[in-house]
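One structure is given below, encoded as structure tokens.
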Amino acid sequence: MAHFITFLLVLSLSLTFSLLPETASAQLRQNYYAKTCPNVESIVRNAVTQKFRQTFVTVPATIRLFFHDCFVQGCDASVIIQSTGSNKAEKDHPNNLSLAGDGFDTVIKAKQAVDAVPSCRNKVSCADILAMATRDVIALSGGPSYAVELGRLDGLSSTAASVNGKLPHPDFNLNQLNSMFAAHGLTQTDMIALSAAHTVGFSHCSKFSNRIYNFSRQSAVDPTLNRAYATQLQQMCPKNVDPRIAINMDPNTPRAFDNVYYKNLQQGKGLFTSDQVLFTDKRSKPVVNAWAANSNTFNSAFITAITKLGRVGVKTGRNGNIRRNCDAFN
């Protein structure tokens, strides 16, 4: 009998733990702040629009910030935390040093705007503000608009060590991309959709220089690269280029969030190996072709994927709180 009771206890514990991620993401819902801060979405949108008018970099910087945040410890704004003497935070990991300051600034300014409303003060998490700001910059740059789920708490920890092995690299192949996204419950289709964030923004030459100068013994230039595009990249990124030089990731419509990303892949104009592989690998190629041909189907898939991304590792209850300042723990 004692063995049977022990078995039941273990079973109930394992069921509880298996349900935890579900309950965390289940608390997310649209209009989460309807009672506590009813105008939060328009307050955030106004702050983001103001920032967008100052610089277009706001768009790619905010989208990347959201992605880098969610893939490490979940969507909990831990990437925004500043390092202190006793703790090296996520943002100072080598893989996060290229995150543009405008993304951090967008969230911090939006949080200040929300907290300037007395009834909203300290009621809205930085994690939710980042999710809203991401939706807003996508719409501002011509991408799809969607209803954003809210109800995340801010994380209580941020360490550079936690970033190790959690973010995709520019040289990843399809298997590596799929396994990294699958770890967060995202499918290959979700991954291909989220990769379209590279339709806006820029990259430093060092991130793809191997593709244009020393790809392999057989070929200095990656044979999957469009020849004319490779020559153009060599002109913009000479061998001893200043490491601060950055170029547009989408050579055709760099300031529009659109499906031209997939049309570029069809022409061999994916900047990273991890972009171009979506077209060269026969498992993902049909989706690239479908979305290059139809922006509506792409937009719909992107909304599904970014909504799922926003559910990753959500903090609830005692696992999080609402930060007074987005870049510091309370």
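- Within the 4.5 Å cutoff, the side chain of L194 has heavy atoms near those of the L186 side chain.
- With contacts defined as side-chain heavy-atom distances shorter than 4.5 Å, the pair L177/V277 qualifies.
- When the side chains of ILVMFWY residues are joined at heavy-atom separations under 4.5 Å, either directly or via intervening members, V314 and I81 end up in two distinct hydrophobic clusters.
- When side chains are defined from C-beta on, M132 counts as touching V124, because their heavy atoms get closer than 4.5 Å.
- When the side chains of ILVMFWY residues are joined at heavy-atom separations under 4.5 Å, either directly or via intervening members, L153 and V148 end up in two distinct hydrophobic clusters.
- Residues R255 and S141 fail the side-chain proximity criterion, which asks for heavy atoms closer than 4.5 Å.
- For the pair N173 and T273, the minimum side-chain heavy-atom distance is 4.5 Å or more.
- Take H184 and apply the ring-ring contact (aromatic ring centres under 6.0 Å, His included) test, not counting sequence neighbours, and it matches F71.
- For S216, the side chain to side chain contact (heavy atoms under 4.5 Å, CB included) partners are Q218, S219, not counting sequence neighbours.
- Under the ring pair (Phe, Tyr, Trp, His ring centres under 6.0 Å) criterion, the residue pairs touching residues 265-288 are H198-F272, with sequence neighbours excluded.
- A donor-acceptor pair under 3.5 Å is formed between the side chain of S284 and the backbone N or O of L278.
- Between R135 atom CZ and T62 atom OG1 the span is 13.0 Å, to the nearest 0.5 Å.
- The stretch residues 285-306 participates, sequence neighbours left out, in no salt bridge (Lys or Arg N to Asp or Glu O under 4.0 Å) pair at all.
- Using a 4.5 Å cut-off on side-chain heavy atoms (C-beta onward), D250 and V260 make contact.
- Taking the charged nitrogens against the carboxylate oxygens, R152 and D76 have no contact shorter than 4.0 Å, which rules out a salt bridge.
- Note on F329: it does not cluster hydrophobically with L130, by side-chain heavy-atom contacts below 4.5 Å among ILVMFWY residues.
- For the side-chain hydrogen bond (donor to acceptor under 3.5 Å, both in side chains) criterion with N252, the lone passing option out of T199, D258, N264 is N264.
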(request) Decide side-chain hydrogen bond (donor to acceptor under 3.5 Å, both in side chains) for Y33 and N39; before the verdict, give the C-alpha distance in whole Å, the side-chain angles of both, and the deciding distance to 0.1 Å. (result) CA-CA 8 Å; Y33 297 100; N39 297 325; over 6 Å; no
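- Classification of E149 and R311 as a salt-bridged pair holds, one side-chain N sitting under 4.0 Å from a carboxylate O.
- Rounding to the nearest 0.5 Å gives a distance of 5.0 Å between OG1 of T84 and CG of N87.
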(request) Could you check K51 against D102 for salt bridge (charged side-chain N to carboxylate O under 4.0 Å, His left out), going step by step and ending with a plain yes or no? (result) CA-CA 8 Å; K51 178 74 185 166; D102 289 297; 2.8 Å; yes
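- The two residues R323 and C126 have their closest heavy-atom pair at CB-SG, 4.0 Å.
- L156 pairs by the side chain to side chain contact (heavy atoms under 4.5 Å, CB included) definition with N321, not counting sequence neighbours.
- The 12-atom threshold is exceeded at CZ of R283, counting heavy atoms of other residues, nucleotides or ligands nearer than 6.0 Å.
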(request) Report the C-alpha distance between Y261 and W291 in whole Å, list the side-chain angles of each, state the deciding distance to 0.1 Å, and finish with yes or no for side-chain contact (heavy atoms from CB on, under 4.5 Å). (result) CA-CA 9 Å; Y261 170 77; W291 292 346; over 6 Å; no
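- Distance check: D154 CG to S78 OG gives 9.5 Å after rounding to the nearest 0.5 Å.
- Listed by chain and number, the residues in a ring-ring contact (aromatic ring centres under 6.0 Å, His included) with F66 amount to none (sequence neighbours excluded).
- Using cut-offs of 30° and 60° for the angle between ring planes, the F298 and Y262 rings count as perpendicular.
- Under the 4.5 Å side-chain criterion, counting only non-hydrogen atoms from C-beta, F52 is not in contact with T106.
- Of all the heavy atoms in N294 and N296, the pair that sits closest is OD1-N, 2.9 Å.
- To the nearest 0.5 Å, the span separating OG1 on T316 from CG on N319 amounts to 5.5 Å.
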(message) Could you walk me through whether V221 and F215 satisfy the side-chain contact (heavy atoms from CB on, under 4.5 Å) test, starting with their C-alpha distance in whole Å, then the side-chain angles of each, then the deciding distance to 0.1 Å, before giving a yes or no?
(response) CA-CA 5 Å; V221 176; F215 184 70; 5.9 Å; no
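- Counting only heavy atoms from C-beta outward, the side chains of V57 and F202 approach each other to under 4.5 Å.
- Evaluation of the side chain to side chain contact (heavy atoms under 4.5 Å, CB included) rule for L99 yields R64, L65, H68, V79, N96, F104 as partners, not counting sequence neighbours.
- Here the side chain of K315 pairs a donor or acceptor atom with the backbone of G313 at under 3.5 angstrom.
- A salt bridge links D105 and K109; the closest N-O separation between the charged side-chain nitrogens and carboxylate oxygens is under 4.0 Å.
- Put simply, the side chain of S158 gets close to the backbone of E90: a donor and an acceptor are under 3.5 Å apart.
- By the rule that hydrophobic residues join a cluster once side-chain heavy atoms approach within less than 4.5 Å of another member, V40 and I322 end up as members of separate clusters.
- Remark: D190 pairs with K308 by the salt bridge (Lys or Arg N to Asp or Glu O under 4.0 Å) rule, at least two apart or across chains.
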(request) Go through the steps for R53 and T58 under the test side-chain hydrogen bond (donor to acceptor under 3.5 Å, both in side chains), then give the verdict. (result) CA-CA 9 Å; R53 286 185 183 135; T58 302; over 6 Å; no
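- In this view, D136 and R45 satisfy the salt bridge (Lys or Arg N to Asp or Glu O under 4.0 Å) rule, not counting sequence neighbours.
- The minimum heavy-atom distance linking C205 with V241 is given by the pair CB-CG1, 3.8 Å.
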Atom pairs and distances, donor-acceptor, side-chain atoms in residues 163-172, under 3.5 Å, two or more places apart:
{"residue": "N164", "atom": "OD1", "partner": "H93", "partner atom": "NE2", "Å": "2.7"}
{"residue": "N164", "atom": "ND2", "partner": "A161", "partner atom": "O", "Å": "3.3"}

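- When hydrophobic clusters are built by joining Ile, Leu, Val, Met, Phe, Trp and Tyr residues whose side-chain heavy atoms come closer than 4.5 Å, directly or via intermediates, V107 is grouped together with I138.
- Panel note: side chain Q266, backbone A292; no donor-acceptor pair is recorded below 3.5 Å.
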(message) Please determine whether side-chain contact (heavy atoms from CB on, under 4.5 Å) holds for the pair K91 and I80, giving the CA-CA distance in whole Å, both sets of side-chain angles, and the decisive distance to 0.1 Å.
(response) CA-CA 7 Å; K91 70 180 293 189; I80 302 175; over 6 Å; no
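- A distance-only check finds no donor-acceptor pair linking the side chain of T134 to the backbone of I63 [under 3.5 Å].
- Residues that satisfy the side chain to side chain contact (heavy atoms under 4.5 Å, CB included) test with Y229, not counting sequence neighbours, are L225, N226, Q232, L233, P251, K269, L271.
- For the atom pair Q235 CD and I212 CD1, the distance stands at 10.5 Å (nearest 0.5 Å).
- Side-chain polar atoms of N299 and Y146 form no donor-acceptor pair below 3.5 angstrom.
- Here the OG atom belonging to S209 is positioned 10.5 Å from the CG atom belonging to N240, to the nearest 0.5 angstrom.
- Contacts classified as salt bridge (Lys or Arg N to Asp or Glu O under 4.0 Å) and involving residues 111-124 (residues at least two apart or in different chains) are given here: K111-D115.
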